[in-house]
Amino acid sequence: MDSSASADHARLLDRHREAVAFFGSRVHAVRADQWDLPTPCTEWTVRDLVNHLAVEQLWVPPLVAEGRTIADVGDAYDGDVLGEDPVGVWESAQAAAVAAFAGPGALDGTVELSYGKTPAAAYCSQMVADAVVHAWDLSRAIGADERLPGDLVDAAAREFGGYADQLPRSMFDAPVTVPEDTDAQTRLLAMLGRTA
């Protein structure tokens, strides 16, 4: 791998670590009476949202580190994986995902996703973007600070920019029009059907 690709991978790993840590800070802020609150993802409660992100992280080790396919893994992560310790499950899942993506040569390979073979680096970028926007969702749901780190906003906007209009409407509403001089975070949220 040339030095520019290596630097790109290092930045991507940094963004993934930062994104899951930021989301995790909001998971730690969820009070006991907030797990059933609604979120901007209209079909999900706070617990559902955290479960979704935990499941996403749980998929990383088998797909990236073990070279398994979605068919291989089957229904292992269907349903609620959070159990009696949502925060602990989240922490374990994100730590395993971070380690899998950071493994030797992990981002040079491919993963077998539901829509076919995908570069592992592209998969990691998708995971970053998803964690960023859902960190905002979780922040709004529990009344936490909704400001997102600028580098994560930029990473998510680059990722979602090419296919925001194709995202599932259960999690992302149709894009909202905002003025051209709107700040980067508001533009990102508007792209995903959210209003600040």
Side-chain angles (χ1 to χ4, degrees), residues 9-41 43-68 70 72-107 109 111 113 120-153 155-156 159-160 171 185 192:
H9 285 180
R11 280 191 293 273
L12 180 55
L13 291 173
D14 284 344
R15 292 296 79 76
H16 180 254
R17 281 190 291 267
E18 185 179 1
V20 295
F22 188 77
F23 184 85
S25 72
R26 298 313 190 251
V27 174
H28 281 270
V30 178
R31 298 191 313 266
D33 62 348
Q34 292 182 312
W35 289 99
D36 292 325
L37 291 178
T39 72
C41 302
E43 297 180 11
W44 287 348
T45 65
V46 166
R47 185 181 179 92
D48 294 330
L49 179 59
V50 174
N51 187 73
H52 168 69
L53 265 290
V55 167
E56 283 199 332
Q57 307 312 308
L58 288 170
W59 275 100
V60 176
L63 296 179
V64 174
E66 300 166 20
R68 297 168 71 190
I70 288 177
D72 293 336
V73 178
D75 61 0
Y77 305 126
D78 285 1
D80 186 308
V81 301
L82 299 180
E84 297 299 313
D85 184 16
V87 176
V89 170
W90 162 256
E91 285 299 332
S92 175
Q94 68 84 21
V98 166
F101 277 132
L107 293 184
V111 292
L113 301 179
Y123 176 44
C124 185
S125 180
Q126 293 165 19
M127 298 285 279
V128 169
D130 207 49
V132 172
V133 68
H134 287 318
W136 183 86
D137 292 334
L138 185 52
S139 298
R140 172 149 289 195
I142 66 172
D145 185 350
E146 296 177 7
R147 288 172 297 178
L148 301 168
D151 55 346
L152 292 181
V153 169
E159 175 60 34
F160 283 130
M171 293 181 280
Q185 175 171 320
L192 303 170

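The structure presented is a predicted model; accordingly, all values stated were derived computationally and were not measured.
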Residues in side chain to side chain donor-acceptor pair (under 3.5 Å) contact with Ser125, at least two apart in sequence or another chain
Glu159
Which value, rounded to the nearest 0.5 Å, describes the distance between Asp137 atom CG and Ile142 atom CD1?
11.5 Å
With sequence neighbours excluded, what pairs up with Asp33 under the side chain to side chain donor-acceptor pair (under 3.5 Å) test?
Arg31
Contacts of Tyr123 meeting ring-ring contact (aromatic ring centres under 6.0 Å, His included) (sequence neighbours excluded), chain-then-number -> Phe101
Sequence neighbours excluded - side-chain hydrogen bond (donor to acceptor under 3.5 Å, both in side chains) pairs with any residue from residues 93-102:
Glu91-Gln94
side-chain contact (heavy atoms from CB on, under 4.5 Å) filter on Asp145, not counting sequence neighbours, yields Arg26, Arg147
The complete set of salt bridge (Lys or Arg N to Asp or Glu O under 4.0 Å) pairs with one or both residues in residues 75-84, sequence neighbours excluded, reads Arg47-Asp80
Under the rule for ring-ring contact (aromatic ring centres under 6.0 Å, His included), what residues qualify as partners of Trp90, not counting sequence neighbours?
Phe23
Any residue meeting salt bridge (charged side-chain N to carboxylate O under 4.0 Å, His left out) with Asp48, in chain and number order, not counting sequence neighbours:
none
Applying side-chain contact (heavy atoms from CB on, under 4.5 Å), can you list everything that pairs with Ala141, at least two apart in sequence or on another chain?
Thr39, Val46
Distance from Trp44 atom CH2 to Leu49 atom CG, nearest 0.5 Å?
6.5 Å
Can you name the residues that form a side chain to side chain donor-acceptor pair (under 3.5 Å) with Arg15, not counting sequence neighbours?
Glu18, Asp151
Go through the structure and list residues passing side chain to side chain donor-acceptor pair (under 3.5 Å) with Gln126, not counting sequence neighbours.
Tyr115
Kindly list each side-chain donor-acceptor pair under 3.5 angstrom involving residues 53-60, sequence neighbours excluded, with atom names and distances?
{"residue": "Glu56", "atom": "OE2", "partner": "His52", "partner atom": "NE2", "Å": "3.4"}
{"residue": "Gln57", "atom": "OE1", "partner": "His16", "partner atom": "NE2", "Å": "3.3"}

